[in-house]
**Student:** 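Structure in structure tokens, see below.
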Number of protein chains: 2
Amino acid sequence: MVEITIPGQLFKIKWFMDLLYIHSCHKTQESLLTSTSGFNNYRGVLNWCVVMLVLSNARLFLENLLRYGVLVDPVQVISLFLNDPYSWPAACLINNFVFLNIHFENHFRMSSGKQKGSFSELVGFLVHCINFALMLTFPAAVVLLVPSVTPVGGAFVLGSYTILFLKLYSYKDVNLWCRELSTVKAKKLAGHINSHTQTLNGGDRKVCYPGNLTIRDMYYFVFAPTLCYELNFPRSSTIRMSFLLRRLFEMLFFIQLLVGLTQQWMIPVIQSSMKPLEDMDLSRMTERLLRLAVPNHLLWLIFFYWFFHSSMNFTAELLRFGDRQFYKDWWNSETVTYFWQNWNIPVHKWCLRHFYKPLLRRGFSKIISQSAVFFLSAFFHEYLVSVPLRMFRLWAFTGMMAQLPLAWFVGNFLRGNYGNAAVWMSLIIGQPFAVLMYVHDYYVLHYREEAQ
Amino acid sequence: MVEITIPGQLFKIKWFMDLLYIHSCHKTQESLLTSTSGFNNYRGVLNWCVVMLVLSNARLFLENLLRYGVLVDPVQVISLFLNDPYSWPAACLINNFVFLNIHFENHFRMSSGKQKGSFSELVGFLVHCINFALMLTFPAAVVLLVPSVTPVGGAFVLGSYTILFLKLYSYKDVNLWCRELSTVKAKKLAGHINSHTQTLNGGDRKVCYPGNLTIRDMYYFVFAPTLCYELNFPRSSTIRMSFLLRRLFEMLFFIQLLVGLTQQWMIPVIQSSMKPLEDMDLSRMTERLLRLAVPNHLLWLIFFYWFFHSSMNFTAELLRFGDRQFYKDWWNSETVTYFWQNWNIPVHKWCLRHFYKPLLRRGFSKIISQSAVFFLSAFFHEYLVSVPLRMFRLWAFTGMMAQLPLAWFVGNFLRGNYGNAAVWMSLIIGQPFAVLMYVHDYYVLHYREEAQ
């Protein structure tokens, strides 16, 4: 710093430079939030959202803990599946297991039988129909008629049978297609297509029909994390131990978290909603609905991660199953259709391959076929909820069918982030609405009668 | 679609193409959430955050309404300013107005007197000191001693006086600098700088010292939305009517919202916090603190927009004041220092020009000068809170001084989004903490004694 000595006063060049500031302290400019300023950096707002969400939920968690104490009780979970631990479980499991095996064998024998020409396509078709009908009706009948089946246990059994139903339907379809392809009449046309396929798939050793009709192949498909049968699944070369253990840890951790959060957060809110629901107090019902929305949504997100990421990847890694696309980026979906096409890829793939495309081939229009897919989905949603609860209220069915007008509305009127927000809103609000409806009806049916 | 008729069966080319799908239904790929997938599009998560925040707060709002009913009462606001509407307001306002004018006149006469050489710099300095001391002590004494002054009214009066104090201090400083620049001894050096300045500012007609020493110029500065005096403020060419009306509408709307939210949300939460605070029940205190954090933070955000955007832009537009930079992008701040430098630009500018830089010129180190600025800020925060509440607890002072170690910690250990989140956290949690402390002490002082 250059110092210039002037008699009586010591001035510094820097200070004179600062004095310039007297004249240039202000300059003409707009505020950042004024629309004409052109400023649009709101990076910090995302962090604000995250901090606010964490703090609000920390508060809710603490309030919950102070009001109800610790409600988490892992042992209680067992009672959800079993009413009476001494009479039921063995019978149920054996019945279940035996029944599943009979189905496998039926299927297997039918497929090989047809291959060997021991019975005609028509007879095979009828036997298949009977078998599929039994697969859906027999467990439903057991759940409805045996009083010791709990709702959770029933839903679990029906869920397993539904998955098996979808798998075996795919198994039947693919084998049928293979037979059609291998008929003498079609061979001419199929010839170059088959060779084309083999070129596409590279030089791996491939199983060809009817070489796939083995018990081993069928059981692999039943346990593989997919609903669509294929003669040659892509396989990964090794089982990565660290990946497997990480997924196993996640599975164990998230299932505990799911049970804990349900006991600690979900059940108290549902219980406290019964009174307003019974009185049909609209504003209190809305308040309870919004209160239920947060834990319900959180549980759904955890369930999604637990089932579609941890569990399915664990199974896939164990079976060296190569295709790990169990979900796509549904969190970015800007239309309802995109969400339903991307959140559950195994079911979506099945619907596309064994229901939507066959319908199109039979000459139905796109919109009819799409509606039919939603109808089928609505049927299974209702089946998996109504039968275990032993009451038929059609809330799940209505909820799924309501997706059609919702998809139309969002697709036509909302774009980009608004569409995305609408999809999230329907997820966050729609689910607890259906849950409250069922719980209310269940409560009225079982507990109000007792109270009277 | 080309149809090839084969005896007995109708095949479609398209169907054969679909059959290819049997073989290529799955392919080897990773799940999106697996870290090795390379997927990182989580756009939808921001929308999720927004939807969750809106829904959670809608729930809180509804719960609040159901619990307390409508508490908003605009008339009640008047009682915050006036204890006894019939004796106090006239006296207070006249006193206020007269007192302000006396200060203006004093200042004006002193500045012009010194210019005319009617009294020396030393006498002028002493008179200034007395005047500034009176400006802070007289209203404080009135607020402390006159029992009919309410806390809100007192804070309002002290706030006005503090703003005036800062403005007149700047006025004095700038005129002093101008006198120093115009002394014969400094003229040589200042010559080319002045000409440089005039070139910089373009060809506008400029006021030069002592041409600025008019009552009109002083009153313009007193009402202008800045704390730093300048001889030639940048001016906008016209008053944009639509801009003015929009800002006026915002002012009226947000002040109503502020009052309404305080009555409906803030006060019930504070009242329900008194019991846990009195009992020193730590977990319940934390729960109340987090419960208070949300409305407190929301009010602060609304206050920020109302004061720094709507009101200041309104005043600036009315006075054709050109510099609208009343805040910068503090919401993106990744360090505590950045936040304090950017959220309140008028005060920051004043501190920099009239306190921090003069300290640096006197040879103090950067860190000492910075701490001194925080100390000054802490003093005024305490002054504006303690005097109207008539109790000296140093919570506001401690809160401001705690920014120094916090700034050090965030600056050294947290980067990017983590730093930003830490700044938000300190804002969201720090403020309600101080508010609860004061309210608790005020409650203990005034109401517990009555109860005993």
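All of these numbers come straight from a predicted model, not from anything done at the bench.
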**Student:** Select, from A:Phe233, A:Phe326, A:Trp330, A:Tyr327, the one with the greatest count of heavy-atom pairs under 4.5 Å involving chain B.
**Tutor:**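 Max contact count across the listed options: A:Tyr327.
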**Student:** With a 4.5 angstrom heavy-atom cut-off, is it the side chain or the backbone of B:Tyr305 that approaches chain A, or both, or neither?
**Tutor:**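 The side chain, not the backbone.
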**Student:** Using non-hydrogen atoms only, which part of B:Asn313 is less than 4.5 Å away from chain A: side chain, backbone, both, or neither?
**Tutor:**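 When you check distances to chain A, only side chain atoms of B:Asn313 fall under 4.5 Å.
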**Student:** Can you confirm whether A:Leu55 sits close enough to B:Trp424 that some side-chain heavy atom of one is under 4.5 Å from a side-chain heavy atom of the other?
**Tutor:**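 The answer is no; the side chains never approach within 4.5 Å.
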**Student:** Tell me, side chain or backbone of B:Ile345 under 4.5 Å from chain A's heavy atoms, or both, or neither?
**Tutor:**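 Neither part.
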**Student:** Name the member of B:Val294, B:Leu427, B:Val423, B:Ile428 that forms the most heavy-atom pairs with chain A at distances under 4.5 Å.
**Tutor:**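 The option with the most such pairs is B:Ile428.
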**Student:** Can you tell me which portion of B:Thr286 sits under 4.5 Å from chain A's heavy atoms? Options are side chain, backbone, both or neither.
**Tutor:**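 Both backbone and side chain.
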**Student:** Side chain, backbone, both or neither: which part of B:Tyr418 has a non-hydrogen atom closer than 4.5 Å to chain A?
**Tutor:**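 Looking at B:Tyr418, nothing touches chain A.
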**Student:** Report which part of B:Ala421 has an atom under 4.5 Å of a heavy atom belonging to chain A: side chain, backbone, both, or neither.
**Tutor:**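 Interface part for B:Ala421: both.
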**Student:** Just jot down the side-chain hydrogen bond (donor to acceptor under 3.5 Å, both in side chains) partners of B:Asn342, sequence neighbours excluded, or say none.
**Tutor:**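 By the side-chain hydrogen bond (donor to acceptor under 3.5 Å, both in side chains) rule, B:Asn342 matches no residue at all.
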**Student:** Hey, which of A:Leu33, A:Leu60, A:Asn420 has the most heavy atom pairs under 4.5 Å with chain B?
**Tutor:**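 Top option by heavy-atom pairs under 4.5 Å: A:Leu33.
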**Student:** On a heavy-atom basis, which atom in B:Pro234 and which in A:Thr28 lie closest, and how many Å separate them?
**Tutor:**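 Distance-wise, the nearest heavy atoms are CB-OG1, 3.3 Å.
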**Student:** Looking at A:Thr226, A:Asn232, A:Asp323, which one forms a side chain to side chain donor-acceptor pair (under 3.5 Å) with B:His26?
**Tutor:**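 Only one option passes, and that is A:Thr226.
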**Student:** I need the single residue from B:Arg284, B:Arg291, B:Arg288 that forms a side chain to side chain donor-acceptor pair (under 3.5 Å) with A:Glu63. Which is it?
**Tutor:**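 Only match with A:Glu63 under side chain to side chain donor-acceptor pair (under 3.5 Å): B:Arg291.
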**Student:** Do any N or O atoms from the side chain of B:Ser31 and from the backbone of A:Arg324 form a donor-acceptor pair under 3.5 angstrom?
**Tutor:**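 Between the backbone of A:Arg324 and the side chain of B:Ser31 there is a qualifying donor-acceptor contact (under 3.5 Å).
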**Student:** Is B:Ala316 in contact with chain A via its backbone, its side chain, both, or neither, using a 4.5 Å heavy-atom distance?
**Tutor:**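 Neither the backbone nor the side chain of B:Ala316 comes within 4.5 Å of chain A.
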**Student:** For B:Leu292, is it the side chain, the backbone, both, or neither that has a heavy atom closer than 4.5 Å to a heavy atom of chain A?
**Tutor:**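 When you check distances to chain A, no heavy atom of B:Leu292 falls under 4.5 Å.
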**Student:** Got a sec: does the CZ of A:Phe304 have more than 12 other heavy atoms crowding it under 6.0 Å?
**Tutor:**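 It does: A:Phe304 CZ has more than 12 such atoms within range.
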**Student:** Shortest non-hydrogen contact from B:Asp329 to A:Leu32?
**Tutor:**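 Here B:Asp329 and A:Leu32 meet closest at N-CD1, 3.4 Å.
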**Student:** Partners of A:Arg235 by side-chain hydrogen bond (donor to acceptor under 3.5 Å, both in side chains), sequence neighbours excluded?
**Tutor:**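 Scan of A:Arg235 (side-chain hydrogen bond (donor to acceptor under 3.5 Å, both in side chains), adjacent residues dropped) gives A:Tyr220.
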**Student:** Under a 4.5 Å heavy-atom cut-off, does chain B meet the side chain of A:Leu298, its backbone, both or neither?
**Tutor:**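 No part of it gets close to chain B.
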**Student:** For chain B, which candidate among A:Asn332, A:Leu289, A:Leu65 shows the most heavy-atom pairs at distances under 4.5 Å?
**Tutor:**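 When all of A:Asn332, A:Leu289, A:Leu65 are compared, A:Asn332 has the most.
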**Student:** Please state whether the side chain, the backbone, both or neither of B:Leu53 comes within less than 4.5 Å of a heavy atom of chain A.
**Tutor:**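 For B:Leu53, the contact with chain A is made by backbone and side chain together.
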**Student:** Are any of the side-chain heavy atoms of A:Asn47 and B:Trp331 separated by less than 4.5 Å?
**Tutor:**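 The answer is no, as the side chains (C-beta and beyond) never meet within the 4.5 Å cut-off.
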**Student:** Output the option from A:Val45, A:Val54, A:Asn57, A:Leu62 having the highest count of non-hydrogen pairs under 4.5 Å with chain B.
**Tutor:**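 So the answer, after comparing A:Val45, A:Val54, A:Asn57, A:Leu62, is A:Leu62.
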